[in-house]
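Accompanying notes for the structure given below.
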There are 2 protein chains.
Amino acid sequence: MNTHHTPFARKLGAFVALSDIELALLDQLHSRRRSFAARRDMVHEGQVERSAYIVASGWVCSYKLLPSGARQIVDFQIPGDFLGLRSVLFRTADHNIEPITRVQASEVQARDLLDAFNTAPRLAAAVLWAASRDEAMVVEHLVDLGRRDAKQRMAHFLLELGARLKLVGLGTNEGYACPLTQYLLADALGLSAVHVNRVLRDLREEGLVSFQQGKVIFENFAGLVALCDFDRTYLDHEGPLMR
Amino acid sequence: MNTHHTPFARKLGAFVALSDIELALLDQLHSRRRSFAARRDMVHEGQVERSAYIVASGWVCSYKLLPSGARQIVDFQIPGDFLGLRSVLFRTADHNIEPITRVQASEVQARDLLDAFNTAPRLAAAVLWAASRDEAMVVEHLVDLGRRDAKQRMAHFLLELGARLKLVGLGTNEGYACPLTQYLLADALGLSAVHVNRVLRDLREEGLVSFQQGKVIFENFAGLVALCDFDRTYLDHEGPLMR
DNA sequence: CGAGGGTTTGACTTGAGTCAATTCTGGTGG
DNA sequence: CCACCAGAATTGACTCAAGTCAAACCCTCG
């Protein structure tokens with residue numbers, strides 16, 4: 001474990017063993033560091049945006065807004081995650097991005113990334129893996145909304161987040177710190193904030209998880225996994241071209 | 001319009017004007033043609049699969065199955081669509097793929113694709129565009145499930161499908177032929193089949209769309225668009241690196 | 001001319017939403 | 001150190017969209 005490196009390096013390192021040279025390249029990507037205040041949109045839909053970011057610290061969410069005013073959060077980004085990779089490819093962003101907490105992120109020019117890939121092709125594979133994992137998470141999220149009831153959805157969500165945070169050293173099987181409000185959870189899970197509250201109470205009273213004071217604590221990990229059939233294989237696929 | 005070419009070429013052609021050389025390359029990709037019977041899984045979860053397909057004719061769906069027996073259809077593939085691009089990158093497929101009708105598809109080896117890209121780099125951009133459009137569709141689908149009610153979901157779904165079919169010459173603003181059953185619609189939209197039926201009746205009685213005898217007919221296109229705030233920009237993004 | 005999917009419909013149940021009020025908490029300024 | 005405030009979390013009472021169950025109906029194809 002390279003606990004002394006960035007969350008990004010740490011995440012990729014869980015996938016391919018990285019050499020010192022590769023680690024150094026990754027660190028170089030973090031040179032253009034920027035900071036964002038909580039709750040002020042970083043990117044909004046339709047905006048012409050040419051750079052992507054790697055989150056160094058803090059939490060971000062990407063969401064779509066409906067004319068009705070309803071909001072659907074597509075995903076949360078935590079340290080080590082890419083942000084707006086799509087908006088680099090396409091001229092305009094197709095969703096909004098908002099920091100939940102104060103966020104430190106490194107701006108990444110497409111060119112820098114490509115240069116790094118040329119020097120160390122294994123990095124390309126690792127980044128591709130990360131992107132594909134993100135896609136798998138969106139699909140799993142889709143299943144949540146389509147075919148799981150509120151309690152299972154919540155359980156699944158909290159477990160997935162836990163697994164992701166653990167990967168970058170921000171959580172354990174005991175629990176993790178989580179700055180999300182019940183409103184944010186509601187917009188991610190397709191529920192009302194009131195119902196989120198009730199579901200959290202149920203889970204707590206059943207001794208499965210508690211989420212209070214910004215801390216998620218797994219009281220009965222196995223029970224929670226069983227409740228929602230959590231299967232983490234989609235999070236730790238073996239990699240492309242890497243056999 | 002190159003009506004005499006494959007749906008795949010036609011779809012990419014809507015994005016970049018393709019030269020004769022490029023068109024020829026695309027046609028070559030269709031050399032290894034295979035046929036699949038309806039309802040017999042082409043790929044199942046966990047299977048080690050190394051080839052991708054381009055659908056030439058027929059409809060396919062990719063879905064995930066829950067232990068409870070519930071099913072969530074992630075997307076439908078129609079002629080011109082890629083199938084299992086992800087399962088080529090990763091060793092194992094992470095969802096099931098099933099033909100809805102008899103399907104003709106061309107097997108595409110990763111190598112062939114890469115060779116074509118080397119010869120005509122613009123093709124890479126076009127394929128990347130297509131892949132990214134698919135991703136945007138999944139996100140839109142997520143919004144459907146999370147924040148739209150049954151009627152809006154259905155309207156949005158039928159409109160999106162119409163736009164996709166039109167792109168490959170299989171539909172118009174009047175309507176299109178559609179082999180989906182109400183059970184399939186239910187599994188895609190996160191509803192019960194019974195409710196799908198009721199929603200379709202409502203839409204028909206309101207004179208918006210009718211879906212009967214395997215035909216979707218738009219009775220009031222504008223009204224339908226208004227009902228669900230259909231915004232097709234996510235389907236015809238301008239392309240990457242293509243300004 | 002059956003048989004078996006697929007489609008419809010009605011009657012009833014229920015998970016989740018809405019509305020509205022109350023409590024808790026962390027941060028602020030005096 | 002404390003009163004105060006705004007945002008967040010809770011809770012209860014009521015409503016409603018969508019699900020479930022069960023029974024017809026109806027094409028279409030062998």
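This is a predicted model, so every value here is computed, not measured. Letters go in sequence order (proteins before strands), and every chain restarts at 1.
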In short, B:F230 meets B:L235 closest at the heavy-atom pair CZ-CD1, 4.2 Å
When rounded to whole Å, the CD to P distance for the pair A:Q213 and C:dC24 reads 12 Å
Bend of the helix from C:dC1-D:dG30 to C:dG30-D:dC1 from end-axis comparison, five pairs per end, nearest 10°, comes to 40°
Scoring nucleotides 7-19 of chain C by protein non-hydrogen atoms under 4.0 Å (B base, S sugar-phosphate only, - none) yields BBBBB----BBBB
Margin query: ring pair (Phe, Tyr, Trp, His ring centres under 6.0 Å), that's the test. Do B:F157 and B:F76 meet it? Break it down for me.
Written below: CA-CA 11 Å; B:F157 175 79; B:F76 294 102; 5.7 Å; yes
Taken to the nearest whole Å, CG/A:L185 to P/D:dA8 is 12 Å
- Message: Testing the 3.5 Å rule here: is there a donor-acceptor pair between the side chains of A:Q104 and A:Y53?
- Response: no
| field | B:D144 and B:R153 ion-paired at < 4.0 Å | value | no
Below 4.0 angstrom, N of the basic side chain to O of the carboxylate: do A:K166 and A:E174 qualify? no
inquiry  = Pairing donors with acceptors under 3.5 angstrom, does anything connect the side chains of A:R102 and A:S35?
reply    = yes
Check: A:D27/A:H5 side-chain N/O donor and acceptor closer than 3.5 Å: yes
Decide whether A:Y63 and A:E45 meet the rule of one side-chain donor and one side-chain acceptor closer than 3.5 Å.
-> no
